[in-house]
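Structure first, commentary second.
All of these numbers come straight from a predicted model, not from anything done at the bench.
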2 protein chains.
Amino acid sequence: MASQTEENYLKSLFNLANEKGEVNISELASQMQVSMPTVNSMVKTLQKNGWLIYEKYKPVTLTPEGKKDAALVIRKHRLTEMFLVNKMGFGWEEVHEIAEQVEHIHAPKFFERMDEMMGYPTIDPHGSPIPDKLGRIQEINYLSLSDCKAGQLVKLAGLTNSSTEFLEFLNGRNLSLGIELTIRSKEAYDQSIVVSYLNHNSETLSEKVCEKLLVKVVE
Amino acid sequence: MASQTEENYLKSLFNLANEKGEVNISELASQMQVSMPTVNSMVKTLQKNGWLIYEKYKPVTLTPEGKKDAALVIRKHRLTEMFLVNKMGFGWEEVHEIAEQVEHIHAPKFFERMDEMMGYPTIDPHGSPIPDKLGRIQEINYLSLSDCKAGQLVKLAGLTNSSTEFLEFLNGRNLSLGIELTIRSKEAYDQSIVVSYLNHNSETLSEKVCEKLLVKVVE
DNA sequence: CTATATTGTTAGATTAATCTAACAAAATTG
DNA sequence: CAATTTTGTTAGATTAATCTAACAATATAG
C-alpha cells in the first residue's frame with residue numbers, strides 16, 4: 001500500500017503526464033516542491049514497487065498499476081470535494097485543502113458511502129471528472145472560453161485551475177458551474193472577452209481568466 | 001503542531017493517566033505497541049515540545065497544554081464517530097478504524113461543520129463524552145452493570161470497551177445505548193446477571209460483559 | 001535485606017523522506 | 001559543433017520514528 005508521500009507522487013505523475021505519458025524529473029520536483037535528488041530517489045522506490053518505469057536520464061512513465069492507483073487517489077480527492085460541497089455546505093473554494101488530507105484515508109467503505117449518499121456523481125465541484133472504482137477516468141472535451149467567438153452562447157462546465165484565489169475571483173463575479181454566458185465581443189488586442197450572464201450585463205474577462213474557464217457550446 | 005505519531009502518543013497518555021495523572025513508560029509502550037526505548041525517546045521529544053513532564057525513571061505526566069491537545073484529538077475522533085453513525089449511516093462497530101484516521105486531519109472548519117450539522121452532541125456513539133472546543137471534558141459518572149443489584153431498572157448509557165468484537169456481541173443481542181434493562185437476578189457464583197429488555201425476556205450476561213456496560217439507574 | 005524480576009535507559013542501527021554539494025549527461029544556442 | 005545552460009545523478013548528511021542488545025535502576029519477594 002502506498003504511503004501518503006507515495007500517493008502524492010502518484011497523483012502528481014498522473015497530472016503531469018504528457019500525451020506519451022512521460023514526466024520529467026524536474027517538473028515533478030517543482031510540482032512536489034522538493035529537490036531533484038529527492039525525486040530521483042523516490043522514483044527508484046516507485047519503480048521498485050511497480051508504479052512506474054524509470055531509466056537513467058529519461059523521463060518516467062507510470063505503469064498501468066501506477067495509473068490506476070493514482071486515479072484511485074484522485075477519486076478519493078474528488079469524491080471528498082463533492083461531499084464537502086453537496087453534503088456539508090462548504091464553498092468550492094474551501095474544499096481543496098481538506099480533500100488533500102482526506103484523500104489519504106484508507107477506508108473503502110467511507111468513500112463508497114459518500115458516493116452512495118451523493119448518487120454516484122461523475123464530476124467534482126470544479127467540473128473535473130471523478131474516476132470510477134476501477135480507476136477509469138471519463139475523458140471530457142470541453143472548450144476553453146478563450147477559443148470561443150463573439151455571438152456564441154456557452155455554458156460554464158469546468159476549470160483548468162482551481163486555486164482558492166481564482167475561485168474567489170469567480171465567486172466575486174457570481175460565476176459558477178452551469179451558468180450560461182453570452183459572448184458579447186472579443187478584443188483582438190488583448191484577447192479579453194466581454195460576456196453577459198445572470199444580472200451581469202457586460203463583464204470583461206481577461207485572456208488569463210478565459211483560458212482557465214472550460215465551456216460547452218450551447219448554440 | 002503535533003505529528004500524527006505525536007497525536008497518537010498524546011491520546012494514549014491522556015487515556016492511560018491514573019488519578020495522579022501519571023503514566024509509566026511500559027504501559028505506554030504496550031498501549032502504543034512499540035518498544036520501551038522508542039517510548040523513551042518520544043517522551044523526550046514530547047517534553048521538549050511542552051506536552052509533558054519527564055524525569056528519568058519516573059512516570060510521565062501531561063502538562064495542561066498536553067492534556068488540552070490530547071483532548072482536542074479525542075474530540076476530533078469522537079465527533080467523527082458520531083458523524084459517521086448519525087449522518088452517514090455507519091454502525092457503531094464500524095466507525096473506530098475510520099475515526100482513527102480522520103482524527104489526524106488538520107482542518108478546524110471540517111470538524112466544526114460536523115459538530116454544527118449534528119447539533120453539538122456531547123457524547124459519541126459509544127457513550128463517551130466529546131471534549132469541547134477548549135479541550136474540556138465533561139465527567140460522567142456512570143455505574144458499571146456489574147455493580148448493580150437484582151430488581152434494579154437501569155438504562156444502558158456507555159461502554160468501557162468499544163472493540164469491534166464487543167460491539168458485534170452487543171449487536172447480536174440487540175443491545176444499544178438508551179435501552180432499559182431490568183435486572184432479573186445475579187448469580188453469586190460467577191457474578192453473571194440475567195436481564196430483560198425489549199423482546200429479550202431473560203438474557204444472561206457474564207461478569208466480563210457486565211463490567212464493560214455502563215448504566216444509569218432509572219429506579 | 002539480599003536476590004531476582006521488572007522497568008527504564010543508553011548506544012547504535014535502520015528506514016523513509018528529505019536536503020546540499022559536486023559532478024555528469026543532455027539540450028540549447030551562438 | 002563547441003560552449004553554455006539545463007537537467008539529472010551520486011555521495012553523503014539530516015530528521016523522525018522505529019528497532020535490538022546491553023546495561024542500570026527500581027521494585028518485589030523470599
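One finds a side-chain N or O of A/S35 lying less than 4.0 angstrom from the OP1 or OP2 phosphate oxygen of C/dC19. For B/Y9 and D/dT18, the shortest distance from a side-chain N or O to OP1 or OP2 is below 4.0 Å. OP1 or OP2 of D/dT10 lies within a sub-4.0 Å distance of a side-chain N or O belonging to A/K56. Note on A/Y57: every side-chain N or O is 4.0 Å or more away from OP1 and OP2 of D/dT6. Of the side-chain N and O atoms in B/K44, one or more sit less than 4.0 angstrom from OP1 or OP2 of C/dT10. Side-chain nitrogen and oxygen atoms of B/N40 include at least one within less than 4.0 Å of the OP1 or OP2 phosphate oxygen of C/dT9. Note on B/K58: every side-chain N or O is 4.0 Å or more away from OP1 and OP2 of D/dA25.
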Salt bridge (charged side-chain N to carboxylate O under 4.0 Å, His left out) between A/E207 and A/K186, intermediate numbers included: CA-CA 10 Å; A/E207 188 188 18; A/K186 181 163 181 177; over 6 Å; no

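Put simply, the side chain of A/V43 does not reach to within 4.5 Å of the side chain of A/Q47, judged on heavy atoms. Between A/V209 and A/L145 the shortest side-chain heavy-atom distance does not fall below 4.5 Å.
Which of D/dT18, D/dT9, C/dT9 sits closest to the side chain of B/M36 comes down to C/dT9. Checking D/dT20, C/dA17, D/dT10 against the side-chain heavy atoms of B/P37 singles out D/dT20 as nearest. The side chain of A/T38 lies closest to C/dT18 when the candidates are C/dT9, C/dT18, D/dT18.
Between B/Q101 and A/H106, the side chains place no donor N or O within less than 3.5 Å of an acceptor N or O (distance only, hydrogens not considered).
Going from atom CE of A/M42 over to atom C1' of D/dT9 covers 16 Å, rounded to whole Å. A/E6 has its CD atom 12 Å from the C1' atom of C/dT15, to the nearest Å. Atoms CD (A/Q47) and P (D/dT9) sit 11 Å apart, rounded to a whole Å. Separating the CG atom of B/L46 from the C1' atom of D/dA16 is a distance of 12 Å, rounded to the nearest angstrom. The interatomic distance linking B/K48 (NZ) with D/dT15 (C1') rounds to 10 Å, in whole Å. Spacing between atom CG of A/L28 and atom C1' of C/dA17 amounts to 14 Å, rounded to whole angstrom units. Look at CD on A/E7: it is 11 Å from P on C/dA17, rounded to the nearest Å.
Within 4.0 Å (heavy atoms only), B/S26 reaches sugar-phosphate atoms of the nucleic acid but no base atom. Within 4.0 Å of A/S3, counting heavy atoms only, lie sugar-phosphate atoms of the nucleic acid but no base atom. Using a 4.0 Å heavy-atom distance criterion, A/T5 is classed as a sugar-phosphate-only contact.
Screening A/E7, A/H77, A/Q4 for a side chain to side chain donor-acceptor pair (under 3.5 Å) with A/H104, the sole residue that qualifies is A/E7.
Judged by closest nucleotide on DNA chain C, B/Y54 is the one of B/Y54 and A/S41 placed further toward the 5' end.
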